[in-house]
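To start, the structure itself, in structure tokens.
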Amino acid sequence: MAVRVALVDCNNFYASCERVFQPHLRGKPIIVLSNNDGCVIARSNEAKALGIAMGEPWHLVRERLPTKGIIVRSSNYALYGDMSARVMQVLARFTPLFEAYSIDEAFLGLAGLGGREEPHLRELRATVARETGIPVSVGFAPTKTLAKLANRFAKKEAACDGVLVLDGAYSALPYLDRCELTDLWGISHRLAARLSAMGIVSPRALAGTDARHMRERFGVVMERLVLELQGVPCIGLEDAPADRKSILCSRSFGRMVTDRREMEEAVATYVARAAEKMRRQNLATAQLHLFLHTNRFRPADPQYAASRTIALNVATADTMRLTTAALDLLGGLWRDGYAYKKAGVMLLELVPARQVQQGLFDKADSNRRKALMTAIDAINRDHGRGTVTLAAAGRTQAWALKSAMRSPRFTTRWDELLAV
DNA sequence: TCTGGGGTCCTAGGACCC
DNA sequence: TCTGGGGTCCTAGGACCC
């Protein structure tokens, strides 16, 4: 039985969270600001109606609008994380095929509803509202990309009343006609510009292209996107939460940093925070990345950006060792005479800390194993139905797996693969 | 004078997402 | 004066190896 996908997305999530415990804020324009109260990261519908844009710098909003009457909140991630968990718990009751995609979105795999999808999803929506106070919109379609599209209209169009069901790729066509390339999941302005230059100026036109041809020009990601628009699922439901692949701690500075000592302190702080996050997840790292740059919003100022990754010969979760490595990197990247605006530390090549303690972590082998794990996950999702065989008999395992993974549908003969 | 082919690993950076 | 933070995936190129 075909599994189809619902995308449930919380409306104006952070702004809605602020409202849950302060009902008097309902009906008023609310915005939530980023760290340092730098820019707008969430808006209620009323704030959107005032023309406040996502990501707009708060100081520009203030210049532009009389801010009297606009409710402004600094972000409160502890609250949003907690509300998110509550919403996800409710959603997970509706299906065993559940993927929490982001703090405010989840994909649900649904099968066997036999045309009763819409009442089912309306019930879901009402339950979330009743039990958490958060309004959600629901899009339903044969693929994730189309579910995203359906969700967009479910949210925007009053006639949908929060739910839009698309039975197949064909019923998506009218909606493809009514949006822009950049409204599609995976198309931002750069790709949209490249597509337009080729004469593909609308989502409908993109859906009408030849997927293989598009792969040649744009790569495997575009091929998947086109197929998904045509109703062919290429992006699977990830029902088990994947392990983190990187952990980042970065900040923009409140004021420019010109002193190396000051930068060293900042870097040490980021390392400590990232390492703490990592230990909480019982992980260790074998690769540390450091970056810093000047203020990109002031092109008239001297610009400098640099980053470097260092491979640690042993995976570790020890803050002191990581700090030493990071300061070492900083020594190589630092240039006097610049005003730095931002810096960050990323921990990569994460492995279970237990493996390190038991001496099981072998760096030379880790990429290969990662590839194997990914391929096996994909095959499990495919339940052995895949049809593409390993065309690489006799080549190395990693190469074969890599080719397999580049296939848009991740299909490999699992028995052959496991025999490799 | 000619100047392989296939593969791994590392690094850097682009593009996109929320 | 004032422009977030945390992620993922993919590609390309160079060093190196056989």
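Residue numbers begin at 1 in each chain, while the letters A, B, ... track the order of the sequences.
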Side chain to side chain, Leu347(A) and Leu283(A), heavy atoms closer than 4.5 Å: no

N or O in side chain of Ser246(A) less than 4.0 angstrom from dT8(C) OP1/OP2: yes

Salt bridge (charged side-chain N to carboxylate O under 4.0 Å, His left out) assessment of Glu18(A) paired with Lys28(A): CA-CA 12 Å; Glu18(A) 295 291 338; Lys28(A) 296 190 178 146; over 6 Å; no

Among dG5(C), dC18(B), dC10(C), the one nearest Arg224(A) by side-chain distance: dC10(C)

Per Lys341(A) side chain, nearest of listed nucleotides dC10(C), dC17(B), dT3(C): dT3(C)

Check against salt bridge (charged side-chain N to carboxylate O under 4.0 Å, His left out), Arg260(A) and Glu264(A): CA-CA 6 Å; Arg260(A) 178 160 166 181; Glu264(A) 285 173 352; 3.3 Å; yes

Residue whose nearest DNA chain C nucleotide is more 5′ - Phe218(A) or Leu60(A): Leu60(A)

Integer-rounded Å distance: dG7(C) P and Lys245(A) NZ: 13 Å

OP1 or OP2 of dG13(B) under 4.0 Å from side-chain N/O of Ser307(A): yes

Leu329(A) CG - dC10(B) C1' separation (whole Å): 14 Å

Interatomic distance, Met346(A) CE vs dT8(C) C1' [rounded to whole Å]: 10 Å

Rounded P spacing from dT3(B) to dC18(C) in Å: 24 Å

dC2(B) and dC16(C), which share atom name P, separated by this distance in whole Å: 26 Å

5' priority, DNA chain C, between Arg244(A) and Phe253(A) [closest heavy atom]: Phe253(A)

